[in-house]
Participant: 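Here's a structure for you.
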Amino acid sequence: MSSAIVRAACAVACAAAAFAVSCAKAPEIRAEREPDLVIMSSHPADLVKLVVDEFRERSGLAVIVKSGGTGELIDRIRSGEDADLLWGGGAETLASNVGLFEPYFSPERAAVPDGLKDPDGFWTGFSVLPMVILVNSRLVAPELRPTGWADLADARFLGSVAFADPSRSGSSYTALRTMLLAARAGGDREGGWDFVGRFAGCLEGRALKESAAVYSGVASGEYLVGATYEYAAGDALRLGGDVSIVYPRDGSSALPDGVAIVRGTGRRPAAERFVDFALGKDVASAMRIRFLRRSARADVEPPAGLPSLDAIPLLAYDFSAAADERDATLARFKSVLDGASSP
């Protein structure tokens, strides 16, 4: 690991004022000369900067990073916008869009368990993202805090639940599918949608435009609770936010996000170099220390202070089904949400 990444990995950012910067969407990072690599990424700004700056230093390549939500970036790739890689996005989003990618079997894939990578090489897991409930611990008394997804449909949180539009946010789509699964007691599929109807009522028919607005909104006190992924919640804690993390007792999911090479790229060698670097143990270790983020690699321990995956109640989440049913799930959620916003 070079000195630059060691210094970044060991830095401790404790000021709550820095939280807004951390939660910001990554700015577009441009190279001064014609790019050797164009990356599309939904990762937060500080993670992108750490990894891309170190990759530039090691490789000498000129890199452009284009940021956005996962759904937006997928649409931009589909439209033909210049891109060599998608870095970020949940497994079901990647699985439902494999036609946009081409296989690559990085040598670093050996450290990633089979359930966290596409068997045909179209994408490989970068980190593992348990879905959690984020609570503003300053504003919500301990006895009133949610213990599971079911509580997010309770009247005490009416108008105070932060949830991103799942058509724009890959993590929010995973959260929606996880909540549906948790609410389907005894395999009752419609029971899940009954819950979503009540949940949409607590949202008052409104979803946020991006996942960053969930954890920043809860940390600032604009919302009391929110559905998000563990890394975002952990980042709020790391930066001194008055928040706490709840691992839902009615069950959660722990899916990977991933990295994939865009089909037809003319910069394949540079794309492969970045995939190898991003999946490597140096980045995984820095990510664990600096960002409290779980690596998909089996040879890297969970971040300090976070439970092992074995200690989290996990549901049997089928991301292939989530991918196949994505359009239908999003259409039905939109209908339910629109209905909740009607007078």
Participant: Applying side-chain hydrogen bond (donor to acceptor under 3.5 Å, both in side chains) to Ser253 and Thr178, what does each step give before you reach the verdict?
Facilitator: CA-CA 6 Å; Ser253 59; Thr178 302; 2.7 Å; yes
Participant: Is there a side-chain contact between Met40 and Leu86 in this structure, where contact means two heavy atoms from C-beta onward sitting under 4.5 Å apart?
Facilitator: yes
Participant: Show, in sequence, the C-alpha distance, side-chain angles and deciding distance for Glu54 and Leu50, and conclude whether the side chain to side chain contact (heavy atoms under 4.5 Å, CB included) test is met.
Facilitator: CA-CA 6 Å; Glu54 182 69 12; Leu50 172 68; 5.7 Å; no
Participant: Is there a donor-acceptor pair closer than 3.5 Å between any side-chain N or O of Arg297 and the backbone N or O of Ala284?
Facilitator: no
Participant: State whether the side chain of Arg288 and the backbone N or O of Arg294 hold a donor-acceptor pair below 3.5 Å, judged by distance alone.
Facilitator: no
Participant: Is the shortest side-chain N to carboxylate O distance from Lys334 to Asp338 below 4.0 Å?
Facilitator: yes
Participant: Roughly how far apart are Thr228 OG1 and Leu134 CG, rounded to 0.5 Å?
Facilitator: 6.5 Å
Participant: State yes or no: do Leu61 and Leu279 share one hydrophobic cluster built from I, L, V, M, F, W and Y residues joined by side-chain heavy-atom distances below 4.5 Å, directly or via other members?
Facilitator: yes
Participant: Would you say Val214 ends up clustered with Val246 if hydrophobic residues are merged whenever their side chains have heavy atoms under 4.5 Å apart, either directly or through other cluster members?
Facilitator: yes
Participant: Heavy atoms only: give me the nearest Ala183-Phe195 pair and the separation to one decimal.
Facilitator: CB-CB, 3.7 Å
Participant: Consider only side-chain heavy atoms of I, L, V, M, F, W and Y, link residues closer than 4.5 Å, and tell whether Leu203 and Trp193 are in one cluster.
Facilitator: yes
Participant: Are Phe277 and Met287 co-members of a hydrophobic cluster defined by side-chain heavy atoms under 4.5 Å apart?
Facilitator: yes
Participant: Take Asp53 and Arg56 through the test side chain to side chain contact (heavy atoms under 4.5 Å, CB included) and record every step on the way to the result.
Facilitator: CA-CA 5 Å; Asp53 282 356; Arg56 281 171 157 167; 3.9 Å; yes
Participant: Go through the steps to decide whether Thr174 and Tyr229 satisfy the test side chain to side chain contact (heavy atoms under 4.5 Å, CB included), and finish with yes or no.
Facilitator: CA-CA 9 Å; Thr174 302; Tyr229 46 96; over 6 Å; no
Participant: Within this structure, what is the OG-CD1 distance for the pair Ser79 and Ile74, rounded to the nearest 0.5 Å?
Facilitator: 11.0 Å
Participant: If you measure from OG on Ser106 to CZ on Arg273, what distance do you get to the nearest 0.5 Å?
Facilitator: 13.0 Å
Participant: OG1 of Thr70 to NE2 of His43: how many Å apart, nearest 0.5 Å?
Facilitator: 8.5 Å
Participant: Of all the heavy-atom pairs spanning Arg145 and Val135, show the shortest one and how long it is.
Facilitator: CG-CG1, 3.9 Å
Participant: Which atoms form the tightest heavy-atom contact between Ala227 and Ala175, and what is the distance?
Facilitator: CB-CB, 4.4 Å
Participant: Does Arg249, at its CZ atom, have more than 12 non-hydrogen atoms belonging to other residues, nucleotides or ligands within less than 6.0 Å?
Facilitator: no
Participant: Between Arg58 and Asp282, does at least one N-O distance fall below 4.0 Å, as a salt bridge requires?
Facilitator: yes
Participant: Using the six-membered ring of Tyr173, assess whether NZ or CZ of Arg326 lies under 6.0 Å from its centre and within 45 degrees of the ring axis.
Facilitator: yes
Participant: Using side-chain hydrogen bond (donor to acceptor under 3.5 Å, both in side chains) as the criterion, point out the one residue from Ser171, Ser167, Ser172 that pairs with Ser169.
Facilitator: Ser171
Participant: So, does Asp250 use its side chain to make a donor-acceptor pair with the main chain of Ala150 at under 3.5 Å?
Facilitator: yes
Participant: Is there side-chain contact between Val262 and Ile77, with at least one heavy-atom pair below 4.5 Å?
Facilitator: yes
Participant: Identify the two heavy atoms, one from Arg109 and one from Asp118, that lie closest to each other, and give their separation to 0.1 Å.
Facilitator: NH2-O, 3.0 Å
Participant: Do Val161 and Leu224 make a side-chain contact, defined as non-hydrogen atoms from C-beta onward lying under 4.5 Å apart?
Facilitator: no
Participant: Is there side-chain contact between Ile39 and Lys66, with at least one heavy-atom pair below 4.5 Å?
Facilitator: no
Participant: How about Phe122 and Phe101: are their ring centroids closer than 6.0 Å?
Facilitator: no
Participant: If we only count heavy atoms from C-beta on, is the Ile133 to Ile245 side-chain gap below 4.5 Å?
Facilitator: no
Participant: Check whether Lys209 reaches the backbone of Asp165 with its side chain - one donor and one acceptor, N or O, closer than 3.5 Å.
Facilitator: no
Participant: What's the shortest heavy-atom distance between Thr93 and Gly170, and which atoms?
Facilitator: OG1-CA, 4.1 Å
Participant: Look at atom CD of Glu204 and say whether more than 12 heavy atoms of other residues, nucleotides or ligands are closer to it than 6.0 Å.
Facilitator: yes
Participant: Between Ser252 and Pro130, which heavy-atom pair has the shortest distance, and what is it?
Facilitator: OG-C, 4.4 Å
Participant: Is the shortest side-chain heavy-atom distance between Leu208 and Glu210 below 4.5 Å?
Facilitator: no
Participant: With side chains defined as the heavy atoms from C-beta onward, is the minimum distance between Leu152 and Val225 less than 4.5 Å?
Facilitator: yes
Participant: Check whether any side-chain N or O of Arg156 sits under 3.5 Å from a backbone N or O of Leu144 as a donor-acceptor pair, and report yes or no.
Facilitator: yes
Participant: Decide side chain to side chain contact (heavy atoms under 4.5 Å, CB included) for Arg268 and Glu102; before the verdict, give the C-alpha distance in whole Å, the side-chain angles of both, and the deciding distance to 0.1 Å.
Facilitator: CA-CA 10 Å; Arg268 171 87 186 207; Glu102 54 189 47; 2.8 Å; yes
Participant: Would a hydrophobic clustering, with Ile, Leu, Val, Met, Phe, Trp and Tyr connected at side-chain separations under 4.5 Å, put Tyr223 with Leu139?
Facilitator: yes
Participant: Is a salt bridge present between Lys49 and Asp46, judged by a nitrogen-to-oxygen distance below 4.0 Å?
Facilitator: no
Participant: Could you give me the CA-CA distance, side-chain angles and deciding distance for Trp87 and Phe274, then say whether ring-ring contact (aromatic ring centres under 6.0 Å, His included) is met?
Facilitator: CA-CA 10 Å; Trp87 178 34; Phe274 183 82; 5.2 Å; yes
Participant: Report yes or no: does Asp242 contribute a side-chain atom to a donor-acceptor pair with the main-chain N or O of Arg138 at less than 3.5 Å?
Facilitator: no
Participant: Determine whether a donor-acceptor pair (N or O, by modelled atom type, separation under 3.5 Å) exists between the side chain of Asn136 and the backbone of Val243.
Facilitator: no
Participant: Atom CD of Glu92 and atom CG of Asn97: how far apart are they, to the nearest 0.5 Å?
Facilitator: 10.5 Å
Participant: Any carboxylate oxygen within less than 4.0 angstrom of a Lys/Arg side-chain nitrogen, looking at Arg293 and Glu230?
Facilitator: no
Participant: Output the distance between atom CZ (Arg177) and atom CG (Leu255), rounded to the nearest 0.5 Å.
Facilitator: 10.5 Å
Participant: Run the numbers on Phe163 and Phe199 for ring-ring contact (aromatic ring centres under 6.0 Å, His included), then give the verdict.
Facilitator: CA-CA 10 Å; Phe163 186 68; Phe199 174 66; 5.1 Å; yes
Participant: Report yes if some heavy atom in the side chain of Phe157 is under 4.5 Å from a heavy atom in the side chain of Pro146; otherwise report no.
Facilitator: yes
Participant: Please report the C-alpha distance between Arg267 and Asp82 in whole Å, then the side-chain angles of each, then the deciding distance to 0.1 Å, and finally whether the salt bridge (Lys or Arg N to Asp or Glu O under 4.0 Å) criterion is met.
Facilitator: CA-CA 11 Å; Arg267 310 179 185 101; Asp82 186 26; 3.1 Å; yes
Participant: Got a donor-acceptor contact below 3.5 angstrom from the Asp257 side chain to the Gly90 backbone?
Facilitator: no
